[in-house]
Protein chains: 2
Amino acid sequence: MPSPAPLRRPGGRTARIRQQVLDAVLAELGEHGFDGLTMEAVAARAGVHRATVYRRWGDVGGLLADVLVAAGDDDWRPPDTGSLIGDLAALNQEIYDALVAEPSVVAALIAASFRSAQAELAQRRLWEDRYERCEVVVSRAVERGELPPHTDARRLLIAATAPLYHRLVLLHTPPDPDLPGDAARTAVLAASAGAFAVGGT
Amino acid sequence: MPSPAPLRRPGGRTARIRQQVLDAVLAELGEHGFDGLTMEAVAARAGVHRATVYRRWGDVGGLLADVLVAAGDDDWRPPDTGSLIGDLAALNQEIYDALVAEPSVVAALIAASFRSAQAELAQRRLWEDRYERCEVVVSRAVERGELPPHTDARRLLIAATAPLYHRLVLLHTPPDPDLPGDAARTAVLAASAGAFAVGGT
DNA sequence: CCGTTATTGCGACAACTGTTACATTAGGAT
DNA sequence: ATCCTAATGTAACAGTTGTCGCAATAACGG
C-alpha cells in the first residue's frame, strides 16, 4: 500500500488566504517599500491573524520568496522587433521602466534577496528563468546573420542589461532615458566585434 | 564676538570610542554578515553601552554610513599596467576578489544600502569617488592613442565593471575566474568600436 | 450528511528593541 | 588645580516581535 497521500488541504480557504496575503504583500510593498514590509501589517491588511502568517511563511523573506514564485508563473516572452538592437533596446526599456517605478517592486524584491536566503534562492531561480527565455533573442539574431554562430547568449544578454541594474539599483544614479538604448547599442557593438565568441571558432 | 565654537569634544574618549565601535562593526560584519549586525552586539564587542551607540549613530544604517565615510579616507588609486585592457582587468580583479571574499564586507555594505537612506547616501558618495579616481585609466588610454578622444570615461568604466556586480551581487552566480578578464575585454572591444564616443565626433 | 483532522483564530507569553531620565566620567579652557 | 559641561554609563520603561497551547473552523474522504 502506497503512502496514503500527505493529507494536505490546499483547496478553498487555504488557497484564498494565500492569495489575500500575497496581494497584501504587493500592496504594502507598493505603498511603503521594502522597509515598511512588516509581518504585522501584511496580516492586518490580508485580514488574517499574525500567527497564521508566521506559521506558513516564517518571516518576511518567506513572503517575498512566495511572491517571487508566483511571479514566475506567467507567459512573459522577450520582445521580437526583427533586429537584435531593437530586441535588446526594448528589453532594456522594460527593465528600465520596472526599476524607475516609484516605488519599485522589483527594487524591493532585489533588496529582499539580501536579507533572506529563501528570497535569494527564489530570486535566483526567477532570474535564471528570465535570462533563459531571453536567449531566443540571440539565436534569432544568429539565424538572421547579425551575429556569428557560437555566440555566448548569456554573456551577451548580461553585458546588455548589467549597466542598467548597476546604475539604477547599485549606484542609484538619477534615471537617464538614454540608458536602455545606449546599453543595448554597446552590447551589440561588442558582439559584432566578436566579444562573446565561444569555442575556438 | 564670533560664536564661541560649537563646544564639541571630538578628542580623547570620543574618538577612541568611535574607533572601537567602527572596528566592532567590521568585525561583526566579517563574522556574521550583514544580517547578524545588531546594535546590541556591536556595543558589546566595542565595550560600550547600547545607549551610546543609539545616541551617536541612531541605527544600523548610521553605523554602516560612518564605516563607509571612514572607508573613503584612503589613498587608493586604480592600477597602472601600461595598457587599457591591463588596467581594466586588474581593476576588475580587485572588485572580484572583494566580492567573492567569504563573507564579503563589500557585499554586506551593498546590502546595507538598501535598508538605510543614510548608508545609501554614503555608499553613493563612495562609489562616485571611486569611479572618479578611475577616470584617469581612460584618459591615459586616450593619451596612448588606444582610444579615440571624446570617449565617455564613466560609461566605459561602468560597462567594464557592471557585469561583475550583476553576476556576483544580484544574480549570485558561482564565481568564475575568467569573469574579470572577460568583462574587461568586452568593454575594450566596445570602446574600440566607438561605443562610448561622446559628442558629434 | 458525518467524522476526521489540517488549518486558522485567539490570547497570553518571553524576548528583543529602542527611548528616556538621571547619575557619573572625563575633555577642554581658565 | 579647578570648573563647566559634553559625552558616556546605568537602569527602568513602553512598544514590538515572534512563539506557543488551546479552541474553533472548515476541507476532504467516506
Side-chain angles (χ1 to χ4, degrees), chain A residues 1-25 28-29 31-66 70 112 115-119, chain B residues 1-25 28-29 31-66 70 112 115-119:
Chain A
M1 191 192 307
S3 66
L7 289 179
R8 282 287 130 77
R9 293 178 181 177
R13 183 171 58 167
T14 297
R16 187 174 341 115
I17 284 185
R18 176 175 184 239
Q19 196 57 49
Q20 288 171 10
V21 169
L22 294 190
D23 287 346
V25 170
E28 287 289 319
L29 223 51
E31 285 185 16
H32 315 295
F34 172 68
D35 296 327
L37 191 66
T38 312
M39 299 291 274
E40 179 78 37
V42 170
R45 181 187 283 258
V48 170
H49 198 272
R50 279 216 320 273
T52 300
V53 182
Y54 277 112
R55 270 190 292 249
R56 286 185 58 177
W57 288 276
D59 58 2
V60 179
L63 282 173
L64 272 304
D66 205 15
R115 292 187 61 179
S116 155
Q118 254 186 95
Chain B
M1 193 191 308
S3 66
L7 288 180
R8 280 288 128 77
R9 293 179 182 176
R13 183 171 60 168
T14 297
R16 185 167 54 245
I17 285 186
R18 177 175 184 236
Q19 196 57 49
Q20 288 172 10
V21 169
L22 293 190
D23 287 346
V25 170
E28 286 290 319
L29 223 52
E31 285 183 17
H32 315 295
F34 172 69
D35 296 328
L37 191 65
T38 314
M39 298 291 274
E40 179 76 37
V42 170
R45 181 187 283 258
V48 169
H49 199 270
R50 279 216 320 272
T52 300
V53 182
Y54 277 112
R55 270 191 293 248
R56 286 187 56 179
W57 289 277
D59 58 2
V60 180
L63 281 173
L64 272 303
D66 205 15
R115 293 187 60 180
S116 155
Q118 254 186 95

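Just so you know, these numbers use all the heavy atoms, side chains as well, and skip hydrogens, waters and symmetry mates. Naming: A, B, ... by sequence-line order, numbering from 1 per chain.
Out of dC10(C), dT19(D), dG9(C), the shortest distance to the side chain of Val48(A) is found at dG9(C). When distances run from any side-chain atom of Tyr54(B) to the nucleotides dT17(D), dT17(C), dT8(C), the shortest one goes to dT17(C). You'll find that the side chain of Arg16(A) is closest to dA27(D), out of dA27(D), dG9(C), dT7(C). In the set dA11(D), dT17(C), dG18(D), the nucleotide with an atom closest to the side chain of Glu40(B) is dT17(C). Considering only side-chain atoms of Ala51(B), the nucleotide from dT10(D), dT8(D), dG18(D) that sits closest is dT10(D).
For Trp57(A) and dT7(C), the CH2 to P distance is 12 Å, given to the nearest whole Å. Separating the CG atom of Leu63(B) from the P atom of dG18(C) is a distance of 11 Å, rounded to the nearest angstrom. Nucleotide dT7(C) holds its P atom 18 Å from the NE2 atom of His49(A), rounded to whole Å. In this structure, Gln20(A) places its CD atom 9 Å from P of dG9(C), rounding to the nearest Å. Gln19(B) has its CD atom 18 Å from the P atom of dA7(D), to the nearest Å. The nearest whole Å value for the distance from the CZ atom in Arg55(A) to the C1' atom in dT25(D) is 13 Å. Atom-to-atom, CG of Asp59(B) to C1' of dT17(C) comes out at 12 Å; the value is rounded to the nearest Å. Summarising the geometry, the separation between CE on Met39(A) and P on dG15(D) is reported as 23 Å, rounded to the nearest angstrom.
Of the two residues contacting DNA chain D, namely Thr38(A) and Ile17(B), the nearest-nucleotide position lying further toward the 5' end is that of Ile17(B).
Side-chain contact between Trp57(A) and Arg18(A): present, with at least one pair of heavy atoms (C-beta onward) separated by less than 4.5 Å. Side-chain contact check for Asp59(B) versus Gln118(B): some heavy-atom pair is nearer than 4.5 Å.
One finds no salt bridge joining Arg45(A) and Glu40(A) here, because no Lys/Arg side-chain nitrogen approaches an Asp/Glu carboxylate oxygen to under 4.0 Å. Look at Arg56(B) and Asp66(B) and you find no salt bridge, because none of the NZ, NE, NH1 or NH2 atoms lies under 4.0 Å from a carboxylate O.
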Item to check | Audit row: Met39(A), Val60(A), side chain to side chain contact (heavy atoms under 4.5 Å, CB included) steps and yes/no | outcome: CA-CA 6 Å; Met39(A) 299 291 274; Val60(A) 179; 4.0 Å; yes

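Backbone-only contact: Arg56(A) has heavy atoms under 4.0 Å from sugar-phosphate atoms and none from a base.
Residue Thr52(A) has a polar side-chain atom (N or O) positioned under 4.0 Å from OP1 or OP2 of dG9(C).
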